[in-house]
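Below is one structure, written out as structure tokens; comments come after it.
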There are 2 protein chains.
Amino acid sequence: MAVTIEDVAREANVSIATVSRVMNNTKAVSPELRERVFSAIRKTSFRPNVLARGLITNRTYTIGVVISDISNPVFGVLTKGINSVCQDRGYTVVICESDGKRKKELALLEKLAEQRIDGLLFAGVDVNRELIDRMLCLDYPVVLVTQEESYGENRMMTVSHDNQRATFDAIDFLVSCGHRRIAFIGGPVNDYSSGEKRLEGYRLAMAKHGLETPGTYIEHGDFSFDAGFSGMKRIYEESEKLPTAVMACSDLMAIGAMQCARNMGLSIPEDVSFMGFDDSELARYSTPALSTVRISYYDEGVLAAEELFRSMDSDNGEETNIRYIPHKIIRRGSVNCLRATAGNPTA
Amino acid sequence: MAVTIEDVAREANVSIATVSRVMNNTKAVSPELRERVFSAIRKTSFRPNVLARGLITNRTYTIGVVISDISNPVFGVLTKGINSVCQDRGYTVVICESDGKRKKELALLEKLAEQRIDGLLFAGVDVNRELIDRMLCLDYPVVLVTQEESYGENRMMTVSHDNQRATFDAIDFLVSCGHRRIAFIGGPVNDYSSGEKRLEGYRLAMAKHGLETPGTYIEHGDFSFDAGFSGMKRIYEESEKLPTAVMACSDLMAIGAMQCARNMGLSIPEDVSFMGFDDSELARYSTPALSTVRISYYDEGVLAAEELFRSMDSDNGEETNIRYIPHKIIRRGSVNCLRATAGNPTA
DNA sequence: TTGTAAGCGTTATCAA
DNA sequence: TTGATAACGCTTACAA
């Protein structure tokens, strides 16, 4: 390449300042020169150097995205939502994977500062005080996605879904179907939103209906098929009375748990009902189709990106807010209705 | 921030050149000054500005990735492989989605040129002459991933899997299980690697065994559940003799086709066997578990990134090569063995 | 071994 | 309305 603004200026017989003005529409330029510049740009197929531009404007039109694992479809969909907003605005998106490790997350924060990104969307696992402290003294604004601050401090702008409420509603739905013995296979303990919050939702809903939650009814897993399988195995082996329904915190765990139940000779949903979380592809196409809590991660990505742009635009913008996207209970064949009149399944 | 190399130089009481030398390890610096500089960097928490650096070195340590859809797990896994290599090398990855549209692909090529990326990994759908011509006169090297050049010109470095051979092997496996009437639900017609090449593999394998391929046995789809479902429906309704096995070009299509077969009252695999492609999560967890062709998209991403770095390092590097990663036939419950002695299932 | 100064390709500030 | 020219923050000859 190596065709610079000077080449264009020479070609159009104007100064480089004029070329710059035409490109950026920043000041009035006479129609004649304007036309000359445009044709010179075309003729030389000039592409302004974003590095030189960024050096002086202090804007790179790049935003960063930190997620734990891009191969996880949940994050794929989230990223797609983010991308769509950024592409519309002409922004470039830099994707960074943290493997869910605090150390990597912190390192990425620094690396992205070096890259001079204009803003960051951060999806952590356990967003603790250390992380937040660090984020608050960065040069670029950060919006949390998918995950709230642990300890509920809420010092940063956050876009997520209401994990506690979503789980609460799911349990409520199971109860409305006549279930009273409901087990729970949750997320990892150190995962604030998907571990603690969802467990809390389970406990609150059970308590509301005066139902018991024996220790053998509560398992934790890493969202995988195997975790669902082994969680269900323990529930099966250690519970005095088998649950009639199991709520798992990911569709994949629910499917693992169903597989385990089938291996034990139980039929689904007659002997035991299952409920998942996320509403991924798997849920629709499993047999029986899985009832689940639908979270639109795409919408979440879109909203988070929009919030980020908002806080980038309003320079002062130290807004701290949590915005939840709505969830929805999706009723499919994996849940049995034990009574004739079931309640309204939609949240 | 605004802490620059000058601040560090002042703090350490040296020149900015010395600071630069220490940072980049580019020339001998006395241990004493070196130490002073390091502590000054720490004290000021200085982060070099990559824009200023890139402006002069003409390297941004950024590579681009163009894919059609990041929410597609295949591309998620591919991207993960790419990321792992880039992260090790300290490179930043910019993800761009093209929706599989030629126009967007071309626009992204330009946009990424403006971004001054150091190299590009390109996963297209129909990589035709126009696209390749354009790529060959870019300032940065490009490696094709997942998709070969249409028309088989092979003017660019390519990392993919052998679609024709993989399909051939899958059909061969079905034949070895005793199947002789085998239908095929392929990818979109305009998709060179997954449409044409796989169909060719099917035809060659069938011909090799002297088996017929009536028009009613061949369908095309867009890899979706619904495409598999409706493809199977047409095969069912229009074929004189029903096939005993169906090969679909994605796991999702295979699962859609299975669902359709079940709805028709057929049992799987007794009445009809099914074979998928990709070996995604779905295949493992469907009922019955799906036999499929495993493609390691992660490895493909890794290899592609390595090839890109190779051609970035060797400046001349106009290598043009196709490198295939190996595939593997995965045998699961969805395929029935019609004869006692089946052949070796692994490719 | 160290420092000075000339770029890199833009935008922004002044004069004209 | 236009054009010089000084930044922006770094790397890299060239001098010392």
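Proteins come first, then strands; the chains are lettered A, B, ... in the order of their sequence lines, and each starts at number 1.
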Original post:
Using a cut-off of 4.0 Å on non-hydrogen atoms, how would the nucleic acid contact of L51(B) be classed: base, sugar-phosphate, or nothing?
Top reply: nothing

Subject >> Spacing between N58(A) atom CG and dG9(C) atom C1', to the nearest angstrom >> reply: 16 Å

Original post:
Does a side chain donor of either T60(B) or Q115(B) reach within less than 3.5 Å of an acceptor in the other side chain?
Top reply: no

Original post:
Are more than 12 heavy atoms from other residues, nucleotides or ligands located less than 6.0 Å from atom OH of Y298(A)?
Top reply: yes

Original post:
Within a radius of less than 6.0 Å around OH of Y61(A), do more than 12 heavy atoms belonging to other residues, nucleotides or ligands occur?
Top reply: no

Subject >> Pair R116(B) + D139(B): basic N to acidic O under 4.0 Å >> reply: no

Original post:
Would you call K111(B) and E105(B) a salt bridge, taking side-chain N to carboxylate O under 4.0 Å as the test?
Top reply: no

Subject >> Salt-bridge contact R89(A)-D313(A) (side-chain N to carboxylate O under 4.0 Å) >> reply: yes

**OP:** Using a cut-off of strictly less than 4.0 Å between a heavy atom of the residue and any atom of DNA chain D, enumerate the qualifying residues of residues 13-24 of chain B by number.
**Re:** I16(B), A17(B), S20(B), R21(B), M23(B), N24(B)

Subject >> Donor + acceptor pair across side chains of S160(A), Q147(A) (<3.5 Å) >> reply: no

Subject >> Residue mapping more 5' on DNA chain C - nearest nucleotide basis, V29(B) or L55(B) >> reply: V29(B)

Subject >> Terminal contacting nucleotides, 5' and 3', DNA chain D versus chain A (heavy atom, 4.0 Å) >> reply: dT1(D) to dG9(D)

**OP:** Could you state the atom-to-atom distance from CZ of F46(A) to C1' of dG9(C) in whole Å?
**Re:** 8 Å

Original post:
Considering only side-chain heavy atoms of T4(A), which listed nucleotide, dG9(C), dG7(C), dT1(C), is closest?
Top reply: dG9(C)

Original post:
Taking 4.0 angstrom as the limit, do E11(A) and R36(A) come out as a salt bridge?
Top reply: no

Subject >> Selected nucleotide, minimal atom distance to I56(B) side chain, candidates dT2(C), dT11(C), dC8(C) >> reply: dC8(C)

Original post:
Does NZ or CZ of R34(A) come closer than 6.0 Å to the centre of the six-membered ring of F38(A), within 45° of the ring's axis?
Top reply: no

Subject >> d(CZ, R36(B); C1', dG3(C)) in whole Å >> reply: 13 Å

Subject >> Short side-chain donor-acceptor distance under 3.5 Å, D126(B) and S150(B) >> reply: yes

Original post:
Between N49(A) (CG) and dG9(C) (C1'), how many Å, whole number?
Top reply: 6 Å

Subject >> Terminal axes of the helix from dT1(C)-dA16(D) to dA16(C)-dT1(D) (five pairs each): angle between them, nearest 10 degrees >> reply: 40°

Subject >> Side-chain donor-acceptor pair present, E300(B), T146(B), cut-off under 3.5 Å >> reply: yes

